[in-house]
Chemist: 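Here it is, the structure, as structure tokens.
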Amino acid sequence: MEQKIVIVDGNSLINRAYFAMSELKNSNGIYTGGVFGLTSMVFSLIENFKPTHFCVAFDMKGPTFRHLSYDQYKGTRKGMPEELVMQMPIVKDILDALNISRVELQGYEADDLIGTIAKFCVENDIEANVITGDKDALQLVAFGANVHITKKGITQLKLYKDADILEEWGVHANQVIDFKGLSGDSSDNIPGIPGVGPKTASKLLSTFGTVENLIERYEEIENKRIRGLVEEHAAQAMMSKRLATIFTEVPVELELDTFKVKEPNIERAIQLFKKYELTNLMSKLKVKVETHAVADQSALLTLNGFIDLALSEKAFTFKIFYDCENVIDRNFVMATFRVGKDVCVLTDLDDLLALKPIFENSAIMKNGFDLKREYLFLMDHQIDLQGVRFDGFIAAYLLDPARRSYDLAEIVFENASTKVISDEDLLGKGAKKLRLSDLKVEQIQPYAISHLNGIVNLKEVFVPKLEEMNFTDLFENVEVPLVKILADIEHTGFRVDMDKINELDLQLIDKISEIESTVYHLAGESFNINSPKQLGVILFEKLELPMGKKTKTGYSTSHDVLEKLANLHPIINEIIEYRTYTKLKSTYIDGLRLVIDERDHRVHTSLNQTIAVTGRLSSTEPNLQNIPIKLPYGRKIRRFFIADDGSTLLDADYSQIELRVLAHLSEDPKLIEAFNTDMDIHTLTASQVFHISESEVTSLQRSRAKEVNFGIVYGMGEFGLSESLGISRKDAKIYIDNYFASYPRVKGFMDEVIEACKEKGYVETILNRKRAITDINNSNFMLRSAAERIARNTPIQGSAADIIKLAMIKVYEALKKQKLKSKLILQVHDELILNVPTDEIEAVEKLLKVCMEEAYKLIVPLKVEMNTGDSWYEAH
DNA sequence: TCAACAACTC
DNA sequence: GATTAGAGTTGTTGAA
């Protein structure tokens with residue numbers, strides 16, 4: 001077998017890892033960000049490079065030979081922060097447990113050790129891969145080492161070839177040291193030649209080649225100033241070059257066998273990961289054992305070959321690649337399929353469409369990643385995808401719902417053994433980002449196949465993991481079936497009334513310009529009212545209004561601050577009005593217009609399944625989950641959203657679903673009783689909190705009790721309650737105390753949730769959805785309190801989300817079974833909206849009520865309220 | 001390009 | 001003694 005070594009610059013990577021995740025601590029307050037980052041890097045390097053040899057080099061304390069020749073070497077560098085110094089022995093322990101050899105030597109830097117080992121390996125025909133964040137190491141490219149420089153913290157690597165160095169610095173690999181010798185390096189305090197920067201250095205070197213040659217022939221330098229500089233600082237340039245040169249003859253014993261990759265000492269590693277609470281790393285240990293290598297030998301199937309295999313094997317994995325011109329136009333580029341180890345690549349849309357019977361055959365199991373995209377594409381072509389069993393996107397979300405993104409390449413990189421070519425690798429990023437259709441098929445194919453194989457590998461790892469975490473039922477029976485429903489909702493869209501939009505737009509334009517001039521008049525000058533910074537200056541400096549809160553960057557001009565100033569100056573109310581109207585115009589008129597499909601006059605919102613940590617959905621482009629309702633004027637926006645001709649909108653929302661879930665989870669007798677007898681829960685709470693009979697409750701008391709009920713669900717404290725009700729903290733405390741006295745099990749439940757969370761590190765919903773809460777044992781009061789509020793709220797919010805997801809599935813199935821034409825067109829957390837042909841209203845009302853109320857059996861009843869109307873305004 | 005702020009929802 | 005309500009998206013400003 002070919003031999004391959006990975007040599008890691010331990011100091012460089014741990015530094016980067018630490019700064020990328022400096023806040024990571026375990027519950028004893030020991031910082032572990034650097035340890036975590038470096039160790040996960042080691043795991044991924046082993047998985048991705050599959051090296052036969054591996055070692056990590058470290059710097060040692062104390063002066064090196066460079067300091068002895070130049071006492072200011074690295075003189076400007078600050079020492080490692082204390083929090084990082086503490087992590088060094090931990091990292092070394094972990095590396096030892098993983099049986100990974102580390103090297104360090106008094107008097108030499110990690111760089112020199114790396115250079116020495118790399119050179120030795122290259123000379124002995126072993127592929128040498130150097131991993132570091134320090135571009136000085138690029139000089140090693142000159143003798144044939146592969147140098148990979150970390151990007152974005154340490155999450156990505158870039159392999160530098162000679163050409164890359166040339167592009168970045170304008171010099172060849174073997175001139176890197178000359179380049180440093182001339183231009184210097186402020187981070188190492190290498191002086192170079194003062195006045196010579198990177199540009200000049202590369203220009204000089206392209207003519208003269210080396211520093212030595214340059215100095216010898218300095219008289220040939222055309223630019224007079226630079227000639228002088230070179231002459232004057234020749235000695236310093238020579239010294240700088242020496243300092244920048246990695247010493248590749250370090251007297252270490254090079255016994256290759258010591259670097260061989262060995263099986264880790266799993267028990268010891270697990271022990272350490274537990275001790276430092278690096279639980280994510282634990283799974284990597286298992287992954288290493290469980291992952292099956294995927295054969296890279298695979299046949300390329302023809303369309304018919306694939307059809308035969310799909311029919312006989314009854315399962316395949318696939319991905320369709322397409323460009324989105326805008327929200328609705330999808331341009332086919334390529335589709336890839338895998339059955340067993342064989343792969344099929346289609347580039348002709350007609351071939352893909354020929355697979356309609358295969359896609360629609362529910363006996364053939366389909367696996368993929370982010371299958372909502374596949375559903376949408378196939379729906380465009382009247383193909384009704386059936387038989388989906390596994391969606392890696394959804395699996396990744398259930399296993400770690402707090403992730404920022406679920407990019408396939410990242411997920412596979414972290415969990416499985418293959419390398420997936422990322423979008424950025426293929427398409428670039430920023431302004432220069434390409435579309436798939438800009439590339440040739442041959443360029444896309446390796447990318448597409450790497451995605452396909454990544455999904456297959458991911459499935460191998462995730463299926464047992466889902467089982468282990470008790471997610472199988474939630475995954476198979478809720479989240480995966482929901483994918484299709486969300487695609488259907490998105491595909492159907494919500495019709496909008498353009499005339500209504502234009503009408504309100506004209507009104508708003510008038511109102512805004514009128515208020516604008518009033519504000520300028522009252523302020524005595526014109527300024528940008530949208531700028532909190534400029535507004536702050538006007539209000540608190542020019543008009544000398546009393547300043548309320550401050551933000552990090554200046555005066556706060558938030559609504560509640562302004563409200564308190566309303567009586568002091570007429571400009572305040574104008575500004576409040578200005579804000580409400582401009583909000584409506586920019587977000588709900590101008591913003592909405594941008595996402596209306598010109599062809600069908602509908603908005604096709606994207607309902608995202610993997611965004612919210614609690615299990616809720618989120619809605620984007622446009623966000624239909626935050627259409628105004630509270631204020632009468634804003635509520636008019638709901639007139640934009642209308643039923644199809646011959647149909648009406650049916651809007652059904654759960655009444656008090658979160659408080660019912662709370663009653664269920666806490667088993668509080670009084671709460672249960674209240675819902676069993678269908679009492680008004682806010683009135684009941686008011687009577688409890690104010691110690692009066694329900695008939696005596698005033699509307700003010702009821703609305704305060706409503707705030708209390710909400711506050712409890714969110715884990716609000718007395719301060720928050722006093723602020724939101726405008727009462728004293730003392731009174732707020734009394735309310736809260738009275739609340740818990742009336743519903744004693746609620747308090748008990750909250751305490752138990754936190755207790756269990758401290759123990760297990762996560763909280764759960766009724767369908768076993770889990771959310772890890774890391775700060776629950778944090779010694780920092782603020783972080784711990786926030787974690788406790790999250791722990792209290794997540795089971796409630798998350799269980800309510802579970803229930804409405806179940807309801808959506810029931811409704812969807814029931815509509816299909818009864819062959820009704822009514823369609824789900826939106827979900828807003830506790831509300832479902834359907835477009836219902838007029839003749840189906842009665843049937844669908846019945847169906848909807850049953851499906852929603854019976855979605856999940858709580859110990860209290862679920863109650864649904866329904867309304868119909870031509871627009872969302874009337875229906876809700 | 002990105003963080004901060006503000007405003008809208010359940 | 002602190003700090004203070006859970007979950008989201010979008011638009012604007014202004015600094016890098």
Side-chain angles (χ1 to χ4, degrees), chain A residues 401-402 429-431 527-536 549-562 575-576 578-592 594-595 605-608 611-631 633-635 637-638 653-654 656-658 662 707-725 729 732-733 736 763 771 773 779-798 800-801 804 826-831 876:
Chain A
K429 59 170 183 174
F527 63 101
N528 189 340
I529 314 176
N530 286 318
S531 162
K533 195 178 168 188
Q534 294 182 35
L535 180 61
K549 277 184 292 192
K550 266 208 266 184
T551 64
K552 268 182 270 185
T553 49
Y555 311 109
S556 167
T557 65
S558 68
H559 185 87
D560 40 319
V561 170
L562 294 186
I575 288 162
I576 291 175
Y578 176 87
R579 288 226 178 123
T580 52
Y581 292 131
T582 51
K583 171 73 182 178
L584 292 177
K585 176 153 167 62
S586 64
T587 304
Y588 300 105
I589 302 231
D590 302 339
L592 190 64
L594 293 174
V595 292
T605 185
S606 185
L607 289 177
N608 313 299
I611 301 290
V613 269
T614 53
R616 277 188 174 182
L617 301 177
S618 94
S619 159
T620 51
E621 279 183 297
N623 179 359
L624 291 185
Q625 293 183 322
N626 72 345
I627 303 301
I629 190 166
K630 223 164 99 197
L631 300 170
Y633 197 87
R635 195 173 189 148
I637 300 287
R638 294 187 170 228
D653 70 294
Y654 279 117
Q656 309 300 350
I657 189 166
E658 293 199 334
L662 178 60
E707 289 281 332
V708 176
N709 279 330
F710 278 115
I712 295 299
V713 170
Y714 298 149
M716 188 196 261
E718 48 193 75
F719 177 88
L721 187 65
S722 69
E723 281 287 296
S724 81
L725 291 181
R729 286 187 61 160
K733 181 169 163 36
I736 292 173
V763 291
R771 176 180 184 185
I773 298 173
S779 54
N780 178 321
F781 172 85
M782 207 170 74
L783 292 177
R784 191 177 61 253
S785 307
E788 288 173 359
R789 290 193 295 272
I790 292 169
R792 282 193 289 260
N793 173 261
T794 299
I796 302 173
Q797 187 181 127
I804 195 153
L826 191 61
Q827 183 251 52
V828 192
H829 309 309
D830 64 352
E831 173 186 5
H876 191 85

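If you're wondering where the values come from, they're calculated on a predicted model, not measured in any experiment. Proteins come first, then strands; the chains are lettered A, B, ... in the order of their sequence lines, and each starts at number 1.
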Chemist: With sequence neighbours excluded, tell me which residues meet side-chain contact (heavy atoms from CB on, under 4.5 Å) with A/Y633.
Modeler: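 For A/Y633 the side-chain contact (heavy atoms from CB on, under 4.5 Å) partners, ignoring immediate neighbours, are A/L504, A/Q507, A/L508, A/K511, A/Y581, A/L584, A/K636.
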Chemist: Which part of the nucleic acid, if any, lies within reach of A/T794 when heavy atoms closer than 4.0 Å are counted: base, sugar-phosphate only, or nothing?
Modeler: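 Nothing, no nucleic acid heavy atom in range.
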Chemist: Determine all donor-acceptor pairs shorter than 3.5 Å in which one atom belongs to a side chain in residues 710-722 of chain A; sequence neighbours excluded.
Modeler:
{"from": "A/S722", "atom 1": "OG", "to": "A/E718", "atom 2": "O", "distance (Å)": "3.3"}
{"from": "A/S722", "atom 1": "OG", "to": "A/F719", "atom 2": "O", "distance (Å)": "2.7"}

Chemist: Can you name the salt bridge (Lys or Arg N to Asp or Glu O under 4.0 Å) partners of A/K585, sequence neighbours left out?
Modeler: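 Checked A/K585 against salt bridge (Lys or Arg N to Asp or Glu O under 4.0 Å); matches are A/D505, A/D590.
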Chemist: What's A/E788 touching, base or sugar-phosphate or nothing? Going by heavy atoms closer than 4.0 Å.
Modeler: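 No contact at all - A/E788 keeps every heavy atom at 4.0 Å or more from the nucleic acid.
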Chemist: Name all residues meeting the side-chain contact (heavy atoms from CB on, under 4.5 Å) criterion together with A/R616; count only those two or more places apart in sequence or in a different chain, and write none if there are none.
Modeler: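 For A/R616, the residues satisfying side-chain contact (heavy atoms from CB on, under 4.5 Å) (neighbours in sequence not counted) are A/A612, A/T614, A/E658, A/Q797, A/A801, A/H829.
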Chemist: Is A/I796 touching bases, backbone alone, or none of the nucleic acid, heavy atoms closer than 4.0 Å?
Modeler: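 A/I796: no heavy atom of the nucleic acid under 4.0 Å.
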Chemist: For A/G711 and A/S618, take the nucleotide of DNA chain C holding the closest heavy atom to each; which residue's nucleotide lies nearer the 5' end?
Modeler: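 Its nearest nucleotide being more 5', the pick is A/G711.
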Chemist: Tell me, please, which residues at least two apart from A/A787 pass side-chain contact (heavy atoms from CB on, under 4.5 Å).
Modeler: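 Checked A/A787 against side-chain contact (heavy atoms from CB on, under 4.5 Å); matches are A/I773, A/D775, A/I776.
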Chemist: Touch check for A/N528, heavy atoms < 4.0 angstrom, all strands: base, sugar-phosphate only, or nothing?
Modeler: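 Sugar-phosphate contact only.
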Chemist: Roughly how many Å apart are B/dC10 and C/dT4, using the P atom of each and rounding to a whole number?
Modeler: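 One P to the other, the span is 25 Å.
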Chemist: Residues in salt bridge (Lys or Arg N to Asp or Glu O under 4.0 Å) with A/K733, at least two apart?
Modeler: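 In terms of salt bridge (Lys or Arg N to Asp or Glu O under 4.0 Å), with neighbours along the sequence ignored, A/K733 is linked to A/D737.
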Chemist: What string of B, S and - do you get for nucleotides 5-10 of chain B 5' to 3' if you count protein non-hydrogen atoms under 4.0 Å?
Modeler: SSBBSB
Chemist: Across the strands shown, which category fits A/R771 at heavy-atom distances under 4.0 angstrom: base, sugar-phosphate, nothing?
Modeler: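 Touches sugar-phosphate only.
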Chemist: Quick check for you: name the first and last nucleotides of DNA chain C, 5' to 3', having an atom under 4.0 Å from a heavy atom of chain A.
Modeler: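 Range of nucleotides within reach of chain A: C/dA2 to C/dA15.
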Chemist: With sequence neighbours excluded, tell me which residues meet side-chain contact (heavy atoms from CB on, under 4.5 Å) with A/V613.
Modeler: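 For A/V613, the residues satisfying side-chain contact (heavy atoms from CB on, under 4.5 Å) (neighbours in sequence not counted) are A/A402, A/R771.
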Chemist: To the closest 0.5 Å, what do you measure between OG (A/S586) and CG (A/L592)?
Modeler: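 Answer rounded to 0.5 Å: 12.0 Å.
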